[in-house]
Amino acid sequence: MRYDLVIFDNDGVLVDSEPISNTLLAGYLTELGHPTSFEESVRDYMGSAMHRIHELVEERSGQRLPADFDEIFHARVFVAFQAELEAVPGVEEVLKRLSRSGVPYCVASSGSHERIRVGHRKTGLDAWFRDEIVFSAEDVGRGKPSPDLFLHAAARMAVAPERCVVVEDSRLGVQAALAAGMDVYGFTAMTPEEKLSGAAGFFHGMEELPAILGL
């Protein structure tokens with residue numbers, strides 16, 4: 001193993017939440033008078049912290065989203081998660097391999113702590129992620145593409161950034177990892193390689209990841 005810490009993104013990497021959340025986000029923005037397709041939501045907001053959605057909508061329309069936007073959106077997402085959410089196929093085997101090898105890992109997500117935990121409880125991944133290895137953009141204030149979240153995770157895990165590897169599926173996440181001085185591998189199950197430029201490599205299924213990490 002050539003890294004001392006594996007940092008996982010959450011949405012789309014650990015839990016298969018991106019189709020659910022982007023369908024709901026596109027629908028809710030359209031409902032509020034900001035017409036958005038599923039494809040546009042994925043392109044513009046996938047991997048974003050909530051503040052980025054507010055900023056982009058205001059920048060483009062000159063209008064602010066309602067004060068209760070986050071609350072209503074997350075309520076809709078959580079209901080859908082309870083009905084539909086599953087873990088990304090193969091990710092538990094990766095976590096087993098890391099655990100057997102004694103390699104530290106954590107999650108660093110643009111989502112809120114509540115969103116992370118709701119998804120992990122529904123999929124059973126809460127058994128793999130105790131509270132002290134779960135990091136959210138809420139912890140640092142600025143989400144991806146800022147490097148702050150990944151640097152915070154590395155510092156809390158007591159590992160130098162250059163000894164970390166990030167597993168990401170979004171353009172913003174790859175940018176954040178590179179800005180943090182970390183290697184990053186792009187998961188292309190939902191995002192094409194050309195959208196993840198700068199990654200050290202790419203993989204389409206979780207069964208490929210152990211070999212990439214040298215496990």
Side-chain angles (χ1 to χ4, degrees), residues 2-3 6-30 34-53 55-57 59-60 73 77 80-81 84-95 105 107-111 115-116 119 123 125 137 143-147 149-150 153 164-215:
R2 57 185 182 272
Y3 299 104
V6 180
I7 304 176
F8 291 96
D9 176 41
N10 188 57
D11 292 293
V13 171
L14 297 177
V15 295
D16 193 16
S17 55
E18 293 293 7
I20 298 171
S21 58
N22 280 285
T23 296
L24 291 171
L25 179 58
Y28 189 25
L29 289 173
T30 300
H34 307 284
T36 306
S37 68
F38 172 80
E39 292 76 16
E40 289 168 339
S41 181
V42 170
R43 181 194 68 198
D44 294 341
Y45 303 120
M46 184 169 160
S48 297
M50 291 301 293
H51 69 80
R52 178 178 166 84
I53 299 172
E55 291 164 2
L56 282 180
V57 168
E59 178 183 312
R60 291 170 175 176
F73 174 63
V77 167
F81 277 7
E84 306 172 47
L85 188 64
E86 297 181 354
V88 168
V91 77
E92 286 205 59
E93 180 57 33
V94 175
L95 297 170
Y105 63 86
V107 58
S109 173
S110 292
R115 176 179 172 132
I116 297 166
T123 58
L125 291 180
K144 307 165 189 178
S146 164
L149 175 57
F150 289 138
C164 299
V165 61
V166 176
V167 183
E168 263 288 353
D169 72 330
S170 75
R171 174 179 57 86
L172 296 176
V174 169
Q175 291 174 351
L178 294 174
M182 300 176 180
D183 283 353
V184 54
Y185 286 90
F187 183 36
T188 61
M190 191 168 166
T191 309
E193 288 186 16
E194 59 267 24
K195 300 291 187 181
L196 303 175
S197 60
F202 307 94
F203 65 103
H204 192 73
M206 280 293 164
E207 68 277 1
E208 304 169 55
L209 187 55
I212 289 172
L213 297 178
L215 293 172

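Just the heavy atoms: all of them, side chains too, but no hydrogens, waters or symmetry mates, feed the values below.
Checking side-chain atoms of Glu93 against main-chain N and O of Gly90 turns up no donor-acceptor pair under 3.5 Å. Of the possible donor and acceptor atoms, none in the side chain of Thr36 sits under 3.5 Å from a partner among the backbone N and O of Thr30. Listed for the Ser170 side chain is a donor-acceptor partner under 3.5 Å among the backbone atoms of Gly173. At distances below 3.5 Å, not a single donor-acceptor pair connects side-chain atoms of His34 with backbone N or O atoms of Leu29. For the pair Ser48 (side chain) and Tyr45 (backbone), a donor-acceptor distance under 3.5 Å is present. Remark: side-chain polar atoms of Glu59 are not paired, donor with acceptor, to backbone N or O of Leu56 under 3.5 angstrom. Looking at Ser17, its side chain never comes within 3.5 Å of a backbone N or O of Asp11 through a donor-acceptor pair.
How far CZ of Phe38 is from CG of Leu25: 10.5 Å, rounded to the nearest 0.5 Å. Atom CD of residue Gln175 and atom OG of residue Ser197 lie 7.5 Å apart, to the nearest 0.5 angstrom.
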Item to check | Audit row: Met46, Asp169, side-chain contact (heavy atoms from CB on, under 4.5 Å) steps and yes/no | outcome: CA-CA 9 Å; Met46 184 169 160; Asp169 72 330; 3.0 Å; yes
Item to check | Pair Thr191-Arg171, side-chain contact (heavy atoms from CB on, under 4.5 Å): steps then yes or no | outcome: CA-CA 8 Å; Thr191 309; Arg171 174 179 57 86; over 6 Å; no
Checklist entry - Step by step, would you call Tyr3 with Asp183 a side-chain hydrogen bond (donor to acceptor under 3.5 Å, both in side chains)? => result CA-CA 9 Å; Tyr3 299 104; Asp183 283 353; 2.6 Å; yes
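In this structure, Phe150 and Met182 have side chains that are in contact, with non-hydrogen atoms separated by less than 4.5 Å. Put simply, the side chain of Leu196 reaches to within 4.5 Å of the side chain of Thr188, judged on heavy atoms. Using a 4.5 Å heavy-atom threshold, the side chains of Val167 and Val6 count as touching. In this structure the side chain of Tyr28 never reaches within 4.5 angstrom of the side chain of Thr23, judged on heavy atoms. Here the side chains of Met190 and Pro19 are in contact, with some heavy-atom distance below 4.5 Å. In this structure, Leu149 and Lys144 have side chains that are in contact, with non-hydrogen atoms separated by less than 4.5 Å. The side-chain heavy atoms of Glu18 and Val42, taken from C-beta on, include no pair separated by under 4.5 Å. Annotation: side chain of Arg2 is not in contact with side chain of Leu213 (no heavy-atom distance under 4.5 Å).
The aromatic rings of Phe187 and Phe203 sit parallel, their planes meeting at an angle under 30°, below the 60° perpendicular limit. Ring orientation note: the planes of Tyr105 and Phe8 are nearly perpendicular, at an angle over 60° on the 30°/60° scale.
Smallest separation of non-hydrogen atoms from Ser109 and Asp9: CA-OD1, 4.3 Å. The two atoms that bring Ala108 and Ile7 nearest to each other are CB-CG2, 3.6 Å, heavy atoms only. Between Leu14 and Leu125, the closest heavy-atom pair is O-CD1, 3.4 Å. Closest of all the heavy-atom pairs between Gly119 and Leu85 is CA-CD2, 3.4 Å. Across every non-hydrogen atom of Ser110 and Ala49, the tightest pair is CB-N, 3.6 Å. Residue Ser41 comes nearest to Asn22 through the heavy atom pair OG-OD1, 2.7 Å, listed as atom of the first residue, atom of the second, then distance.
Residues Glu208 and His204 bring no donor and acceptor atom of their side chains to less than 3.5 Å of each other.
In this structure, Asp44 pairs ionically with Arg60, as a charged nitrogen and a carboxylate oxygen lie closer than 4.0 Å.
In Glu86, the CD atom is not crowded: 12 or fewer heavy atoms of neighbouring residues, nucleotides or ligands sit closer than 6.0 Å.
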